[in-house]
Amino acid sequence: MVQSREIVVTGGGTGIGYAVAAKFAAAGENVTITGRREKVLSEAATLLGAKYVAFDAADAAAVERALAELPERVDVLVNNAGGNTDRIREKATDLAGVADAWRANFEANVLTTVLVTTALQPRLAERARVVTIGSIAAKAGSGSYGAAKAALESWNVNLAKQLGTSGATANIVAPGVTLDTEFFQGTLDEKWLESRLSAAINKRAGHPDEIADAVLFLAGVGAGHITGQVLHVNGGAYLSS
């Protein structure tokens with residue numbers, strides 16, 4: 001009998017993270033979702049039949065405390081926590097504000113990923129899979145958010161080299177515009193959306209399930225020779241950036 005794998009999905013309560021967790025749960029895997037909002041996580045975990053651990057992944061001390069509740073063995077780690085914090089902040093009007101804005105996106109996207117991965121790295125099973133959700137913004141630009149996602153691409157290469165001969169892999173899935181998530185925080189502008197969709201070869205936005213399918217592929221046995229890579233799932237919009 002094949003043993004179910006232990007899956008950890010950060011930011012697994014909504015959007016892409018929830019879609020990823022749902023795919024793994026449907027496949028019979030043991031899923032643990034994490035995030036900051038306990039109520040959201042609790043409701044999502046109940047629907048998924050999963051476990052949840054609530055903590056702030058950008059807080060080193062909080063990550064340390066959470067380790068006691070996270071699986072002792074991790075077969076797949078999906079780093080999904082993050083988002084564009086500029087969408088929930090007022091535009092900076094001075095240098096101090098600019099510094100705060102850049103720190104916020106760095107903490108939300110880079111620190112969350114680096115801290116959780118570093119904490120769980122000793123628990124990664126043989127032939128484990130680490131999949132991080134990046135963004136087309138890493139190449140197309142988008143201020144501090146794009147810069148943070150670009151930093152993750154460099155970090156991912158380093159992680160892939162660290163995992164190296166253990167049989168474990170590290171890859172990034174880079175979505176473009178993906179609807180049915182909390183990413184836009186009510187700030188989605190129709191003119192902006194139209195311009196982005198026109199850049200995609202298939203002229204449409206992505207769906208969380210499509211991103212989740214790419215994650216499942218990279219987490220599978222058949223993807224064992226793929227590591228240190230960025231898989232673009234954005235309808236070819238990347239080619240126009």
Side-chain angles (χ1 to χ4, degrees), residues 2-12 15-34 50 53 57 63 66-67 70-82 109-139 148-176 178 206 208-234 238:
V2 179
Q3 183 182 21
S4 295
R5 296 184 298 175
E6 293 291 339
I7 317 295
V8 175
V9 182
T10 70
I16 291 172
Y18 181 88
V20 169
K23 295 273 186 181
F24 280 116
E29 311 282 25
N30 298 322
V31 178
T32 301
I33 59 174
T34 79
V53 184
V63 175
L67 283 174
L70 292 170
E72 288 298 318
R73 185 190 84 251
V74 177
D75 296 285
V76 180
L77 169 61
V78 181
N79 292 306
N80 170 73
N109 295 283
V110 180
L111 279 187
T112 54
T113 298
V114 172
L115 292 179
V116 172
T117 305
T118 302
L120 291 179
Q121 194 165 339
R123 302 185 183 186
L124 292 180
E126 188 178 2
R127 292 185 291 278
R129 303 286 187 258
V130 179
V131 184
T132 298
I133 304 301
S135 173
I136 190 176
K139 293 292 195 294
K149 291 299 190 181
L152 285 178
E153 293 191 7
S154 176
W155 166 86
N156 179 69
V157 172
N158 189 64
L159 177 64
K161 290 178 178 179
Q162 288 177 13
L163 298 178
T165 56
S166 70
T169 65
N171 292 289
I172 286 179
V173 172
T178 306
D209 279 345
E210 295 174 312
I211 312 305
D213 283 334
V215 172
L216 259 68
F217 164 69
L218 290 173
V221 175
H225 200 45
I226 302 172
T227 193
Q229 303 301 307
V230 179
L231 174 58
H232 284 271
V233 186
N234 43 52
Y238 168 65

Gln229 vs Leu231, test: side chain to side chain contact (heavy atoms under 4.5 Å, CB included). Steps then yes/no. CA-CA 6 Å; Gln229 303 301 307; Leu231 174 58; over 6 Å; no
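- Proximity of Val130 to Leu124: side-chain heavy atoms (C-beta onward) are separated by under 4.5 Å at one or more points.
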Practice problem: Evaluate the criterion side chain to side chain contact (heavy atoms under 4.5 Å, CB included) for residue pair Val110 and Thr112; output intermediate values, then yes/no. | Solution: CA-CA 6 Å; Val110 180; Thr112 54; over 6 Å; no
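- In plain terms, the two heavy atoms of Ala66 and Val53 that are nearest each other are CB-CG1, 4.1 Å.
- Screening Thr117, Ile33, Val74 against Val8 for a side-chain contact (heavy atoms from CB on, under 4.5 Å) leaves a single residue, Val74.
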Can you give the donor-acceptor pairs under 3.5 Å from side chains of residues 159-170 to other protein atoms, not counting sequence neighbours?
| residue | atom | partner | partner atom | Å |
| --- | --- | --- | --- | --- |
| Gln162 | OE1 | Gln121 | NE2 | 3.2 |
| Ser166 | OG | Leu163 | O | 2.6 |
| Ser166 | OG | Ala168 | N | 3.2 |

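- More than 12 heavy atoms of other residues, nucleotides or ligands shown are found within 6.0 angstrom of CZ on Arg73.
- For the residue pair Leu115 and Ala57, the shortest heavy atom distance occurs at CD1-O, 3.6 Å.
- Between Asn234 and Pro175, every side-chain heavy-atom pair lies at or beyond the 4.5 Å cut-off.
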With side chain to side chain contact (heavy atoms under 4.5 Å, CB included) as the test, would you mind laying out the steps for Val173 and Ile16 before giving the verdict? CA-CA 11 Å; Val173 172; Ile16 291 172; over 6 Å; no
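- The nearest pair of heavy atoms linking Asn109 to Gly82 is OD1-CA, 3.5 Å.
- Under the 4.5 Å side-chain criterion, counting only non-hydrogen atoms from C-beta, Arg123 is in contact with Leu70.
- In this structure a side-chain-to-backbone donor-acceptor pair under 3.5 Å is missing from Asn171 to Val131.
- To the nearest 0.5 Å, the span separating CD on Glu153 from OG1 on Thr132 amounts to 10.5 Å.
- For Asn79 and Thr113, the side-chain atoms include no donor-acceptor pair closer than 3.5 Å.
- When all heavy atoms are compared, the tightest approach of Ala119 to Val63 is CB-CG1, 3.7 Å.
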Donor-acceptor contacts, no H, no angles, side chain residues 24-32, under 3.5 Å, sequence neighbours left out:
| residue | atom | partner | partner atom | Å |
| --- | --- | --- | --- | --- |
| Glu29 | OE1 | Arg5 | N | 2.8 |
| Glu29 | OE2 | Arg5 | NE | 2.9 |
| Glu29 | OE2 | Arg5 | NH2 | 3.1 |
| Asn30 | ND2 | Glu6 | OE2 | 3.1 |

Using side chain to side chain contact (heavy atoms under 4.5 Å, CB included), reason through Val215 and Asn80 one step at a time and then give a plain yes or no. CA-CA 10 Å; Val215 172; Asn80 170 73; over 6 Å; no
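- Side-chain N or O atoms of Glu210 include none that pairs as donor or acceptor with a backbone N or O of Pro208 at under 3.5 Å.
- The shortest non-hydrogen separation linking Thr10 to Ala81 is OG1-N, 3.0 Å.
- Val9 and Gly17 make their closest contact through CG1-O, 3.6 Å (heavy atoms, listed as atom of the first residue, atom of the second, distance).
- Asp75 and Arg129 are not joined by a salt bridge, as no carboxylate oxygen comes within less than 4.0 angstrom of a charged side-chain nitrogen.
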